[in-house]
Amino acid sequence: MNFLTAGESHGKSLVGIISDYPSGIFIDNDFINLQLSRRQKGYGRGGRMSIENDRVDIISGVRKGKSTGSPISFIIENRDWVNWKDIMNVLPREDTGTKKEDIFTPRPGHADLTGVLKYRLKTIRDVIERSSARETAARVCTGAFAMIALQLMDINIFSYVERIGNISMDIQPNIDDSSIRDLIEKSEVRCPESQCSEKMIQAIEKAKKNGDSLGGSFRVIIKNVPPGLGSYTEWSRRLDARLAYALISIPAVKAFEVGNGLKSGSLSGLNYHDEIFYSKDKGFYRKTNNAGGIEGGMSNGENIVIGATMKPIPTTKSGMKTVNIINKEESISLKERSDICAVPSAAVVGEAAASIEILSAIQEKFGSDNIDEILENINNYKKYIKNI
Ligand code: EPS
């Protein structure tokens, strides 16, 4: 599947177009809306989230509840738009001359300065409307379509937050524990360890008091992926590289990891690599998963475990030193309403981004027109592997 998103943070709405989505899939609007609401949650979010109530409005590609194979298009309305109608007017009109419209003090760490230079824009407003992480609502919506398809293949995805600021989980949780997903969803920071969740919330509170912001790390787990998605044959087909692209493109994400990738450089080969075993009912399997379910750029049949680190949000209440782009005088950076910490939301976006890549890789291997055809091909492949 391919997709394109459009829309400004305070424009009328966000828009998405998905092409090459298989036909014959029942599209559950409630499920999509649930994913949109999960993205809106998380301790540390700013005032915008109490204005919005993100809901999908499907425009095409679905008839009588089922995908038809035609391009799917959807809209997510921005409720806040009513407060921005003049500033965001698409028709020619006079500048409002307000502080909200005429922004000249770029935030260190944001797209502000380079965006203005690159597109020859007169105000930073033109940059931040699109570079805003609000775009990720459209990505979560697209990802929800992918998840619906993946569920039919018994592939499921979840995420958790392992670090916020300098608070991190001491040990990795048991991702095969059936209660873990409940613990994650119950935590306001998507951390399965309750004491750690509390400490993370306190850290966010402290940052808020200091007019500061926080980043952190999250992990995305994808279970029951058949071996052989992606390929070692060409650089652009490597599944780990594609997942890296999907996660790094989430605003503010600065680092990506597959399994124990960050530690891999400090371990010896004998200690890092996952030994291979065989049993009649499991087939080929590993007892460890340092590779995060990907070897040679292909899924190997184990859980896919990927991680990403998000930098602290560049909009801070205190502001930072910057230069006014008009008079070139030293100044303090733009102070707009923003989040203090959005790592829990980024984790939900990570699930969506990974789902899109996994479904695309499934379609490459097993076909893309119709869901029944894809499921038949997967079953045949699984039978072949079992009887090998
Ligand atoms: C966001 C909407 C934005 C920000 C945030 C994410 O709304 P507003 O700018 O109106 O407060 O809360 O975006 C950023 C942190 C950013 O740097 O752009 C959302 O819907 O996720």
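Whatever order the structure lists them in is the order used to number ligands and atoms, beginning at 1. Hydrogens, waters and symmetry mates are skipped; everything else that's a heavy atom, side chains included, is used.
At a heavy-atom cutoff of 4.0 Å, ligand 1 is contacted by no atom of Gln40, backbone or side chain. Proximity of Arg39 to ligand 1, defined as any heavy-atom pair under 4.0 Å, is confined to the side chain (atoms from C-beta onward).
Looking at ligand 1, you'll find an N or O of Arg134 within less than 3.5 Å of one of its N or O atoms. Of the polar atoms of Ser338, none of the N or O atoms is found under 3.5 Å from an N or O of ligand 1, judged by distance alone. Geometrically, ligand 1 and Arg48 share a nitrogen or oxygen pair separated by less than 3.5 Å. Looking at ligand 1, you'll find an N or O of His10 within less than 3.5 Å of one of its N or O atoms. At under 3.5 Å, a nitrogen or oxygen of Arg45, whether backbone or side chain, sits near a nitrogen or oxygen of ligand 1.
In this structure, Lys12 is not positioned above the aromatic face of Trp84 in the sense of NZ or CZ being under 6.0 Å from the six-membered ring centre and within 45° of the axis.
For the residue pair Asp86 and Asn89, no side-chain donor N or O sits within less than 3.5 Å of a side-chain acceptor on the partner.
We find that Arg39 and Asp54 are joined by a salt bridge, their nearest charged nitrogen and carboxylate oxygen being less than 4.0 Å apart. In summary, Asp274 and Lys287 do not engage in a salt bridge, as defined by a charged side-chain N under 4.0 Å from a carboxylate O.
Heavy atoms from other residues, nucleotides or ligands lying under 6.0 Å from CD of Gln40 number more than 12. The neighbour count for Lys208 NZ, taken as heavy atoms of other residues, nucleotides or ligands under 6.0 Å away, does not exceed 12.
Between Ala133, Ser345, Cys341, it is Ala133 that holds the heavy atom closest to atom 14 (C) of ligand 1.
The protein atom (non-hydrogen) at minimum distance from atom 17 (O) of ligand 1 is His110 NE2, 3.1 Å. Protein heavy atom at the shortest distance from atom 5 (C) of ligand 1 is Asp339 OD2, 3.4 Å. The nearest heavy-atom contact from the protein to atom 11 (O) of ligand 1 is Arg337 NE, 3.0 Å. Counting protein heavy atoms only, atom 3 (C) of ligand 1 is closest to Ser132 OG, 3.9 Å.
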Item to complete: Walk me through it: do Glu357 and Tyr245 pass the test side chain to side chain donor-acceptor pair (under 3.5 Å)?
Response: CA-CA 9 Å; Glu357 277 318 310; Tyr245 199 150; over 6 Å; no
Practice prompt. Start with the C-alpha distance between Arg286 and Glu295, add both sets of side-chain angles, then the distance that settles salt bridge (Lys or Arg N to Asp or Glu O under 4.0 Å), and finish with yes or no.
Written response: CA-CA 12 Å; Arg286 284 91 174 155; Glu295 288 171 310; 2.7 Å; yes
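Shown in contact with Met49 at under 4.0 Å from a heavy atom are these atoms of ligand 1, numbered in order with element: 19 (C), 20 (O).
For Tyr381 and Phe366, the distance between ring centers is under 6.0 angstrom.
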